[in-house]
Amino acid sequence: MPKREALAVGLAAVVLVVVLPLCNALPADTPFAVSNFTINLFGKFLTYAILALGLDLLWGYAGVLSLGHGVFFGLGAYAMGMHLMLEIGAKSVYQSALPDFMVWNQVTALPLFWKPFHSVVFTLAAIVLVPALFGLAFGYLAFRSRIRGVYFSIITQALALSAWLVFNRNEMNLGGTNGLADFKTVFGFPLNRPGTQRGLYAVTALTLVGAYLLCRWITLTRAGKVLVAIRDSETRVLFSGYSPAAYKLFVFVVSAMLAGLAGALYAPQVGIVTPAKIGVLPSIEMVVWVAAGGRGTLYGAVIGAFGVNWIQSWLTTSYPDLWLLFLGGLFMGAVLFFPDGVVGALGRLLARARRVVTRRRERAPLDAPLLSQATRGSIRPPSSDE
Amino acid sequence: MRYRLVVLLSLVAWLAAAAAGHAAPTAPSPEVTQALADLLGEDADRREAAVTVLGQARDPKWLQFLGALRDGDVYARTRAGKTELVVGGTKATRGDQDVIDIVGAYDREPLGTVPLAELKEVPADRRLRLAIKPFVDADETRAQLADPDPAVRRGAAVKLGNQVEIAAVATVEAALQKETDRWVRHALTEALGLIRLAHGGREQRVAAARTLGEIHSASAREALGRLAADPGASPAERGAATQAIRRLERWSLLTTTVETVFQGASLASILLLMALGLAIVFGLMGVINMAHGELMALGAYATFVVQNWFRATWPDRFDLYFGVALPISFLVAAAVGLILERGVIRFLYGRPLETLLLTWGASLIIQQGLRLWFGAANVDVSSPSWLSGGVPVMVGVTLPYNRVFIIGLATVSVAATYWLLFRTSAGLRIRAVTQNRAMSSCLGVRAGVVDATTFAFGAGLAGLAGCALTQIGNVGPSLGQNYIVDSFMVVVTGGVGKLAGTILAAAGLGGLTKGIEPAFGAVFGKVAILVGVILFLQRRPAGLFATRDRNAEA
């Protein structure tokens with residue numbers, strides 16, 4: 001990792017993991033105090049950022065655009081949510097050991113696949129392994145038969161639609177449209193206590209830092225170089241003796257695991273898991289976080305997830321009619337005007353400013369337009385499937 | 001010859017009716033006189049018996065009187081010590097008293113306008129009304145059986161069959177003799193069979209069971225089952241019933257098959273209409289147009305606007321609106337498609353994933369625009385009268401006109417697209433650019449113009465699909481989202497560059513969906529289709545008809 005990035009990541013990690021929870025622990029009327037609401041909101045954004053990291057690894061580096069990551073996010077969230085549901089026990093509305101919606105749906109015994117979720121260890125494993133195994137199976141079938149480019153995106157979108165339909169069904173015993181909600185405790189800590197929320201936030205922030213380091217490490221290894229090569233020309237990689245399918249499958253599974261992890265952290269912080277997080281629209285929204293932030297950079301994905309969701313939570317409360325228009329505009333703008341996202345645009349701006357400064361200093365005339373054109377060309381990420 | 005006979009017969013009938021009409025008032029039978037007197041009385045049993053007497057007289061005029069009695073329009077008038085029944089008409093207020101026009105009970109001759117206070121209403125309680133109902137209904141059914149519209153006649157016949165009343169036999173037989181329409185005849189035969197099965201003697205029942213089996217009467221299934229299991233029935237009856245049931249079961253298997261095939265064809269046509277434009281654009285430019293669904297929604301809303309315009313401007317020509325809406329929805333969607341292509345998409349050629357995101361953004365904007373403009377709720381598009389109803393093709397199968405229309409529209413669209421691509425010079429250019437963009441450009445084909453027109457044509461097809469969808473589904477801002485993934489699956493399965501692939505994939509997916517839906521249910525059927533498509537792509541990664549070339553990227 002370059003020194004400057006290491007420094008920035010370290011600084012961000014300190015702020016997110018240490019400073020913000022400390023500020024939240026301050027009494028509400030002191031300066032620098034961060035409200036519980038803000039901590040909760042940030043915690044949600046950070047889970048999105050974890051997912052965006054995986055998506056950026058997949059799309060920005062390997063050039064594989066998945067429009068179905070909501071499914072993996074949902075699998076993690078549901079795995080966690082099922083454990084939380086069972087933790088409620090008989091404290092539920094119907095005073096039954098079964099989750100409320102099962103009483104409601106006249107299910108008398110706990111379905112078999114729910115039983116292992118009593119165990120914390122199993123749940124923690126399932127959060128990562130269920131999305132991973134599902135991603136492995138799906139990715140194996142897709143990459144083995146060389147489904148790529150737009151075809152792959154369409155197939156993953158159909159996957160999101162199917163999963164959404166299935167999770168909406170009551171007979172799946174997953175709560176139907178209403179999903180899982182009304183959680184009381186997480187691993188024994190009551191969720192309505194600010195300290196628990198703070199702790200969850202801190203865990204999320206730590207996970208994000210860990211995920212970032214993992215993704216960065218992957219991109220710096222040999223395998224990371226192969227991934228970029230696959231994005232730029234899959235055929236050449238194939239002819240050089242590598243198996244693109246294996247690399248793509250690997251990175252697909254990693255990103256599915258990160259999405260599952262994000263979903264699991266999302267469930268207790270937001271307090272509800274519904275199929276609405278799985279469908280076609282939420283899945284493609286995740287892509288725009290990465291696109292708006294700047295793909296192929298990792299930190300761009302984090303910034304994008306944070307920024308877009310911040311704007312969303314502001315717009316949907318203040319101007320609900322405008323949100324979809326904004327989102328649509330963001331899609332179009334990100335593709336047309338900022339192909340390298342916010343970080344790319346800022347980088348260009350910085351580079352230009354620096355150039356102006358150096359030019360003044362050297363007082364040597366340069367062929368400015370030509371240079372700027374050349375720079376722009378090199379920054380634009382090469383297309384994935386020409 | 002036959003015509004003359006009909007004329008002669010109707011002449012005779014008319015004369016007889018006229019004679020009967022004249023004969024009745026001169027000498028009302030003693031039963032009728034007694035019945036009228038009973039009606040004025042208080043005894044509920046006698047009043048009910050009186051209604052039966054009047055009803056069984058089978059005189060249209062007495063039936064009319066009974067109808068008036070049921071509606072509370074019959075009054076008693078006492079004049080010169082004699083009480084008679086009259087039927088009241090229009091009420092009015094003259095000066096300080098209410099007056100009413102009255103007519104004679106039987107012959108309806110005007111008796112002038114009298115103060116309401118002079119009359120006493122003859123009450124019709126619930127029991128009396130129930131006694132009147134069958135007679136009035138039977139009269140109504142008889143009138144319907146003579147209606148010029150076959151659909152009305154058929155409805156009346158089906159009703160008679162459901163009522164299973166022995167009294168109706170004569171009516172049905174008479175109607176059957178005159179009837180020429182195949183489907184009305186079928187309904188009448190069925191009604192006759194049902195009545196005979198319920199009320200006839202042993203021989204009649206055997207014959208009726210046989211007939212009902214022969215005409216594949218599904219509504220006789222229950223009665224036949226009862227007869228087959230009836231220990232009191234003769235072996236001949238039971239045998240005939242069992243045989244008829246077997247026939248019915250075989251027939252129902254056939255009708256279900258036909259219906260499934262038709263539904264599959266209908267779904268396939270919808271998929272084809274949607275996927276056609278998508279596939280052409282994808283084949284030409286490698287662009288997956290995520291806004292395709294919203295272009296369909298635009299077509300549907302254009303239809304809605306045209307409909308409202310017709311309703312406001314030419315309410316009497318309302319049925320024509322759909323004919324106007326078809327081209328208009330094509331043009332609206334094509335115009336928006338053209339703007340989209342020239343405005344943004346052309347900057348992104350060769351970058352399919354970016355285009356995919358871009359068009360998705362455009363789709364969100366169009367969708368939200370529609371929501372802001374027309375409201376979030378579904379809008380109401382009514383079918384023109386020539387698209388409502390259906391055509392009966394065989395006993396038990398009626399094909400709805402709107403579905404038939406969509407199959408026709410899909411066929412015409414495919415034919416038009418083929419003609420455009422393979423019989424016109426514009427099509428030649430489109431095919432050239434599809435095959436080799438760079439070489440075509442070198443040879444003087446203006447690729448940009450080809451792209452723009454093709455995209456507009458594809459968008460127009462989407463608009464056309466949207467217009468057709470208004471006839472079978474809800475029209476709302478999210479119309480496009482409901483169908484878009486399905487049409488993508490068709491394109492992916494069909495492969496790029498060959499229309500035949502799209503057609504085959506649409507037929508296959510449509511048929512398969514309807515075929516497995518009974519077993520899997522709609523949701524899991526869809527999931528099964530997705531799994532099927534993924535597995536299919538294992539064998540053919542580039543779809544059914546991949547264009548073969550030496551490019552390793554293909």
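The chains referred to below are lettered A, B, ... by the order of the sequence lines, with proteins before strands, and numbering in each begins at 1. Given the structure is predicted, the values throughout are model-derived calculations rather than measurements.
One distance of note links CD1 of B:I484 with CD1 of A:I154; it measures 8.5 Å at 0.5 Å rounding. In this structure, CG in A:L281 is found 5.5 Å from CH2 in B:W360, a value given to the nearest 0.5 Å. Between A:L165 atom CG and B:F524 atom CZ the span is 9.5 Å, to the nearest 0.5 Å. Here the straight-line distance linking atom OG1 of B:T359 with atom CE of A:M332 works out to 9.0 Å at 0.5 Å rounding. Remark: B:L356 CG to A:Q157 CD distance equals 7.5 Å, nearest 0.5 Å.
Pairing each heavy atom of B:M489 with each of A:A158, the nearest pair is SD-CB, 3.4 Å. Closest of all the heavy-atom pairs between A:P339 and B:R351 is CB-NH2, 4.2 Å. In terms of heavy atoms, A:V150 sits closest to B:P352 at CG2-CB, 3.1 Å. When all heavy atoms of A:S145 and B:L537 are compared, the closest pair comes out as CB-O, 3.5 Å.
Ranked by non-hydrogen atom pairs under 4.5 Å with chain B, the options A:L67, A:I155, A:V288 are led by A:I155.
In this structure, chain B has a heavy atom under 4.5 Å from the side chain of A:F138, while its backbone stays farther away. Heavy atoms closer than 4.5 Å to chain A are found in the side chain of B:V533, but not in its backbone. In this structure, chain B has no heavy atom under 4.5 Å from any part of A:L330. Looking at A:A142, only its backbone comes within 4.5 Å of chain B, counting heavy atoms on both sides. For a residue to count as touching a neighbouring chain, one of its non-hydrogen atoms must lie under 4.5 Å from one of that chain's; by this rule A:V287 touches chain B with the side chain only. When heavy atoms are compared at a cutoff of 4.5 Å, B:L530 approaches chain A solely by way of its side chain, counted from C-beta outward. For B:V344, the parts sitting under 4.5 Å from any heavy atom of chain A are the backbone and the side chain alike. The contact between B:L357 and chain A is made by backbone and side chain atoms together, counting heavy-atom distances below 4.5 Å. Using a 4.5 Å cut-off between heavy atoms, A:L161 touches chain B through its side chain atoms alone. For a residue to count as touching a neighbouring chain, one of its non-hydrogen atoms must lie under 4.5 Å from one of that chain's; by this rule A:E171 touches chain B with the side chain only.
The aromatic rings of B:F282 and A:Y151 lie tilted to each other, with the angle between the two planes from 30° to 60°.
Side-chain N or O atoms of B:Q368 include one that pairs as donor or acceptor with a backbone N or O of A:D321 at under 3.5 Å.
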task = Step by step, work out the side-chain contact (heavy atoms from CB on, under 4.5 Å) result for A:L336 and B:L348.
result = CA-CA 8 Å; A:L336 280 175; B:L348 293 171; 4.3 Å; yes

